Undergrad: 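For reference, the structure I am asking about is given below.
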Amino acid sequence: MKLLIKNIKNLVQVEEKPRLKVSGSDMKILPCIEDAWLAIEEDKIVDFGKMDDFPGITDWSGLQIIDATDKLVFPCWCDSHTHIVFAASREQEFVDRINGLTYQQIAQRGGGILNSAKKLREASEDELVESALKRLHEVMLQGTGAIEIKSGYGLSLEAELKMLRVIKKLKTLSPLSIKATFLGAHAVPAEYKDKKEDYISLIINEMLPQIAEENLAEYCDIFCENGYYTAEETIKILTAAKGFGLTPKVHAEQLSNSGGVKAGVTVGAISVDHLEYVNDEDIVALKNSETMPTILPGAQFFLQEPFPPARKMMDAGLPVAIASDYNPGSSPSGNMNFMVSLACIEYKMTPEEAINAATINSAYAMGLSQTHGSIAIGKQANIFITKEISSYSFLPYSFANNNIETIIINGNIIHH
Ligand code: NIG
Ligand code: FE
């Protein structure tokens, strides 16, 4: 199929020379073309330019045309951190927190991740596929075109494999680009309460080999936090994961400074995520690495943790990515438009910085920045067209409103 989008008021995040990520003061630059056109063939972006030099189309047969007068075109959001495979919501814990309990207190009495694990173990593979597919469809309509999905609510060999097989199935059923992450070290399961060492052995000696054998994950993540896994355990598990071909990621410095960033940098993690309690030493460690600092504004907002030092990290020359952390406990929304708004409103990221963070940099955080995260020739045709809006800054400004009109995924118009 050939598709031409013409009269685009502003074509946002165009890339003449491909970049893998954008760092520091470069994040203030968002390359755009005003009064533009964009051509798509099959599932790829094939060309774009200014309306002044409109393409000399000779073969109009089968060409579909969309007129985007007064509308903006963006590359789809890339969401590099989610837990969208889960069996049940947890609004009772939300109410408990309103009434004064903390996230950790709820976890200590068997709520939190262990609550989700209990329910997930009871759910069938088909049920999990069905509910996750609905969530994927919902976030796609909100502009997400590529997404990472973690296991971590199984916490047993059987249930972790079940989750990862569900994610593998989602890759075939959803048009979105999906990356899978094994998060067996998300919590210590109740059965291993006083023998965490044994559970770590299970992860390293039984889960990882089986996951590698069935090719069930690209990444391995861990919750490095007081009461969960230490920095030493993080290094141990992620080093083992690398031996099985999985690239490390870390849930780091979410509820306290626990050494997750430094551990992640040590093992060459592709990203370290959350970062509410990042300190100056962590920033120095990140400076000498290829690791993407990823902030999760939904979880910070929902748990009312301190703001991650996004400005400080960018001023130090670091890149920053934004993801949703969509999960039933700490971020029950995968709406990337809202995450971008929160980053601007709360962390004082400029719209340019936040859009870079939620496109090319979040694509990098899941190893997809060569194919996703910008408008570039040869990249996947995953884009969205806005309603009639005045500028790209209107998107984060107009928070919690739906400003997207048309979604195109793999060159197919999904929603118009
Ligand atoms: O990213 N921090 C650990 N994991 C999730 C929360 C999981 C849950 O509460 O179910 C997070 O915030
Ligand atoms: Fe998470």
Side-chain angles (χ1 to χ4, degrees), residues 79-94 96-97 101-121 123 128 132 135 147-155 159-160 163 167 179-190 219-229 234 248-258 260-261 264 269-278 292-306 308 321-334 336 339 342 362 365-366:
D79 191 351
S80 62
H81 182 139
T82 81
H83 311 245
I84 61 148
V85 175
F86 56 87
S89 61
R90 295 196 338 236
E91 62 271 26
Q92 185 52 50
E93 294 177 10
F94 166 66
D96 292 343
R97 281 193 295 106
L101 289 182
T102 65
Y103 181 84
Q104 291 100 313
Q105 285 167 334
I106 291 167
Q108 272 151 19
R109 54 174 210 187
I113 295 165
L114 296 187
N115 176 0
S116 281
K118 195 162 165 281
K119 302 219 169 86
L120 187 124
R121 289 172 182 190
L128 293 169
R135 290 178 202 118
I147 193 164
E148 180 259 17
I149 310 174
K150 300 175 197 295
S151 69
Y153 290 134
L155 307 182
E160 281 297 309
M163 274 193 93
I167 300 171
K179 292 280 188 174
T181 299
F182 168 54
L183 177 57
H186 197 192
V188 180
Y219 298 103
C220 182
D221 198 346
I222 181 165
F223 190 14
C224 180
E225 185 61 61
N226 255 328
Y228 294 84
Y229 293 88
T234 298
K249 278 178 166 275
V250 185
H251 278 70
E253 334 303 353
Q254 179 185 16
L255 309 170
S256 67
N257 190 286
S258 300
V261 166
I270 192 163
S271 75
V272 287
D273 304 26
H274 280 292
L275 313 181
E276 282 83 340
Y277 288 87
V278 150
M292 178 62 68
T294 300
I295 56 173
L296 308 172
Q300 176 277 319
F301 172 71
F302 196 66
L303 298 185
Q304 291 285 287
E305 291 293 331
I322 293 175
S324 76
D325 198 17
Y326 193 175
N327 78 79
S330 68
S331 185
S333 165
M336 285 293 286
M339 305 306 152
L342 281 178
S362 42
M366 51 179 155

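Please read all numbers here as calculations on a predicted model, not as lab measurements. In listed order, ligands and their atoms are each counted from 1.
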Undergrad: Looking at the Fe ion (ligand 2), is there an N, O or S atom belonging to H81 that lies under 2.8 Å away from it?
TA: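 H81 does place an N, O or S atom closer than 2.8 Å to the Fe ion (ligand 2).
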Undergrad: With a cut-off of 4.0 Å, which atoms of ligand 1 are near a heavy atom of Y103?
TA: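 Listed by number with element, the hits are 6 (C), 7 (C), 8 (C), 9 (O).
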Undergrad: Between D221 and the Fe ion (ligand 2), is there a contact where an N/O/S atom of the residue lies under 2.8 Å from the metal?
TA: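 So D221 does not count as coordinating the Fe ion (ligand 2).
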Undergrad: Need the ligand 1 atom indices (1-based, order shown) with element for anything under 4.0 Å from a heavy-atom of H274.
TA: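 Selected atoms, number and element: 1 (O), 2 (N), 11 (C), 12 (O).
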Undergrad: Strictly distance-based, threshold 3.5 Å: is any side-chain N or O of E148 a donor or acceptor partner for the main-chain N or O of D79?
TA: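 A pair under 3.5 Å: no.
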Undergrad: Are I270 and K249 close enough that some pair of their side-chain heavy atoms sits under 4.5 Å apart?
TA: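 A side-chain contact exists here, since the closest heavy-atom pair is under 4.5 Å.
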Undergrad: What protein heavy atom sits nearest atom 2 (N) of ligand 1, and how far off is it?
TA: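 In this structure, atom 2 (N) of ligand 1 has Q254 OE1, 2.6 Å as its nearest protein heavy atom.
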Undergrad: How far is atom 11 (C) of ligand 1 from the closest protein heavy atom, and which atom is that?
TA: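 Nearest protein contact, heavy atoms only, for atom 11 (C) of ligand 1 is D325 OD2, 3.1 Å.
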Undergrad: Is the backbone of H274 close enough, under 3.5 Å, to the side chain of E253 for a donor and an acceptor to pair up by distance?
TA: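 Not at all, since once roles are kept as given, no pair shorter than 3.5 Å links the two residues.
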Undergrad: Which atom name does D325 have for its N/O/S atom nearest to the Fe ion (ligand 2)?
TA: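 Of the nitrogen, oxygen and sulfur atoms in D325, the Fe ion (ligand 2) lies nearest to OD1.
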Undergrad: Hey, which of T82, T181, D221 is the one that makes side chain to side chain donor-acceptor pair (under 3.5 Å) with K150?
TA: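 Of the listed options, the one satisfying the test is D221.
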Undergrad: Check H186, H83, R90 against S116 for a side chain to side chain donor-acceptor pair (under 3.5 Å) and give me the one that passes.
TA: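 The passing option is R90.
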Undergrad: So Q300 and L342, side-chain contact (heavy atoms from CB on, under 4.5 Å) or not? Walk me through it.
TA: CA-CA 10 Å; Q300 176 277 319; L342 281 178; 5.8 Å; no
Undergrad: What class does the angle between the rings of H251 and H81 fall in, given that below 30° is parallel, 30 to 60° is tilted and above 60° is perpendicular?
TA: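 If you compare the ring of H251 with that of H81, the planes turn out perpendicular.
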Undergrad: Quick one: nearest non-hydrogen protein atom to atom 12 (O) of ligand 1, plus distance?
TA: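 Heavy-atom neighbour on the protein nearest atom 12 (O) of ligand 1: S330 OG, 2.5 Å.
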Undergrad: Please walk me through it: do L296 and S331 pass side-chain contact (heavy atoms from CB on, under 4.5 Å)?
TA: CA-CA 9 Å; L296 308 172; S331 185; over 6 Å; no
Undergrad: Output the list of atoms in ligand 1 that are nearer than 4.0 Å to some heavy atom of Y153, sorted by atom number.
TA: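 Answer, ordered by atom number: 7 (C), 8 (C), 10 (O).
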Undergrad: For atom 4 (N) of ligand 1, which protein heavy atom lies nearest, and how many Å away is it?
TA: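 For this ligand atom, the closest protein heavy atom is H186 NE2, 2.7 Å.
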Undergrad: In the structure I gave you, are the side-chain heavy atoms of P328 and Y153 within less than 4.5 Å of one another anywhere?
TA: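 Yes, close enough: below the 4.5 Å cut-off.
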Undergrad: Tell me the angle that NE2 of H83 and NE2 of H251 form around the Fe ion (ligand 2), rounded to 10°.
TA: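 Value returned, to the nearest 10°, is 100°.
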Undergrad: Does E225 have a heavy atom less than 4.0 Å from any atom of ligand 1?
TA: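 False for this residue.
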Undergrad: I need the atoms of ligand 1 closer than 4.0 Å to a non-hydrogen atom of H81, numbered in the order shown.
TA: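 Every atom of ligand 1 under 4.0 Å from some heavy atom of H81: 1 (O).
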